[in-house]
S.K.: 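Let me give you the structure first, and then I'll get to my questions.
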Amino acid sequence: MTTTVRIPDDWPATEDQARAVQDELRGRVVLGEPGPPPGTGHVTGVDVAYDDDRDLVAAAAVVLDAGTLEVVAEATAVGRISFPYVPGLLAFREIPAVLAALGALPRPPGLVVCDGYGLAHPRRFGLASHLGVLTGLPTIGVAKNPFTFTHEPPAAPRGSSAPLLAGAEEVGRALRTRDGVKPVYVSVGHRVSLDNACAHTLALTPAHRQPETTRRADALCRRALAEATGAGEYVA
DNA sequence: GCGACAG
DNA sequence: ATCTTGTCGC
């Protein structure tokens, strides 16, 4: 099902306001829990696509059976863009749409896998952290780029990893999900340990670099955006 | 001050 | 993220 994105009245309008929100919410992140075991229950991927010219955003949430990776449920949301893209403030652009899609699901999401960062963030409060605090759900971030962080190249075999570093602080892990292919960048969101986040990521990547959750959500939100644009119902 | 910078 | 064709390879 597709719902409409609603932007809260108190949503930040400036970068300073957005950073202040991050500084305030950061203390509510829970890092002491291992999180759900890989391979059981449900795992949900979320992703967002944009049409800046038409001020349109589309989000998707796809629930997979963690054992079989088959799609169990999905939902989409379409609406207006809530914030410009600013490095470090991605969550303010993605979260209203993601919350709408998650809210439209017919069943609980279980672990949520985000396309971006959690702890690996300039203020240690990326998209996955933010989404976790707002929903209370266990979340992790799996990103395609190292952002400003550094790491040694992991060994070639799938499953190899290297610490993702902010100076001397380990903020995540560069994790090889396919032999000899560029790693993905895993970081903790809310209520999941880094070891468990990496185990989940490996369980979700039987054939591709990116987790099946992210791949399914990416395809679905693109389709939702194309349909919204084509039908014209949300065009300003 | 100048670049770099998740999606 | 998005603009964009064909092409090489499993």
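Letters A, B, ... are given to chains in the order of the sequence lines, protein chains preceding strands, and every chain is numbered from 1. Small disclaimer: the values here were computed from a predicted structure and weren't measured.
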S.K.: From C:dA1, B:dC5, B:dA6, pick the nucleotide closest to the side chain of A:Y85?
M.R.: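 It is B:dA6.
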S.K.: Indicate yes or no for a side-chain donor-acceptor contact from A:R176 to the backbone of A:V181 under 3.5 Å, with no hydrogens or angles considered.
M.R.: yes
S.K.: To the nearest angstrom, how far is A:R178 atom CZ from C:dG9 atom C1'?
M.R.: 11 Å
S.K.: Grab the CZ-P distance between A:F149 and B:dG7 for me, whole Å please.
M.R.: 12 Å
S.K.: Using whole Å, report how far OH of A:Y117 lies from P of C:dA1.
M.R.: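 Atom OH in A:Y117 sits about 13 Å away from atom P in C:dA1.
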S.K.: Separation of A:I81 atom CD1 from C:dT2 atom P, in whole Å?
M.R.: 10 Å
S.K.: In whole angstroms, how far is the C1' atom of B:dG7 from the CD atom of A:Q210?
M.R.: 11 Å
S.K.: Rounded to the Å, how far apart are A:H121 NE2 and B:dG7 P?
M.R.: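 Computing the A:H121:NE2 to B:dG7:P distance gives 13 Å.
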S.K.: Please state how far atom CG in A:L89 lies from atom C1' in B:dG7, giving the value in whole angstrom units.
M.R.: 12 Å
S.K.: Using atom types as modelled and distance alone, determine if a side-chain donor or acceptor of A:T139 lies under 3.5 Å from a backbone N or O of A:V112.
M.R.: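 Not a single qualifying donor-acceptor pair exists.
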S.K.: Does A:A49 reach a base, just sugar-phosphate, or nothing at all? Heavy atoms under 4.0 Å.
M.R.: sugar-phosphate
S.K.: Should we say atom CD of A:E152 is surrounded by more than 12 heavy atoms from elsewhere, each under 6.0 Å from it?
M.R.: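 Check fails, neighbour count at 12 or below.
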S.K.: Heavy atoms under 4.0 Å, any strand shown: does A:D51 hit a base, just sugar-phosphate, or nothing?
M.R.: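 Nothing, no heavy atom under 4.0 Å.
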S.K.: For B:dC5, take OP1 and OP2 only and decide whether either is under 4.0 Å from a side-chain N or O of A:N145.
M.R.: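 So the side chain of A:N145 is outside the cut-off, no N or O lying under 4.0 Å from OP1 or OP2 of B:dC5.
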S.K.: Check every strand shown and say whether A:G141 touches a base, only sugar-phosphate, or nothing at a heavy-atom separation below 4.0 Å.
M.R.: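 Nothing, no heavy atom under 4.0 Å.
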S.K.: Starting at CZ of A:R123 and ending at C1' of B:dA6, how long is that distance when rounded to a whole Å?
M.R.: 12 Å
S.K.: If the test is side-chain contact (heavy atoms from CB on, under 4.5 Å), which one of A:L64, A:L102, A:L111, A:V113 qualifies with A:T44?
M.R.: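 Answer to the side-chain contact (heavy atoms from CB on, under 4.5 Å) test with A:T44 among A:L64, A:L102, A:L111, A:V113: A:L102.
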S.K.: Look only at the side chain of A:R93 and the backbone of A:F83, and say whether a donor-acceptor pair between them is shorter than 3.5 Å.
M.R.: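 Flag set: sc A:R93 to bb A:F83 pair under 3.5 Å.
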S.K.: Would you say A:K144 places a side-chain N or O within less than 4.0 Å of OP1 or OP2 belonging to B:dA6?
M.R.: no
S.K.: Given C:dA1, B:dC5, B:dA6, identify the nucleotide with an atom nearest to the side chain of A:Y50.
M.R.: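 That would be C:dA1.
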S.K.: Respond yes when some side-chain nitrogen or oxygen of A:R222 is under 4.0 Å from OP1 or OP2 of C:dT2, and no when none is.
M.R.: yes
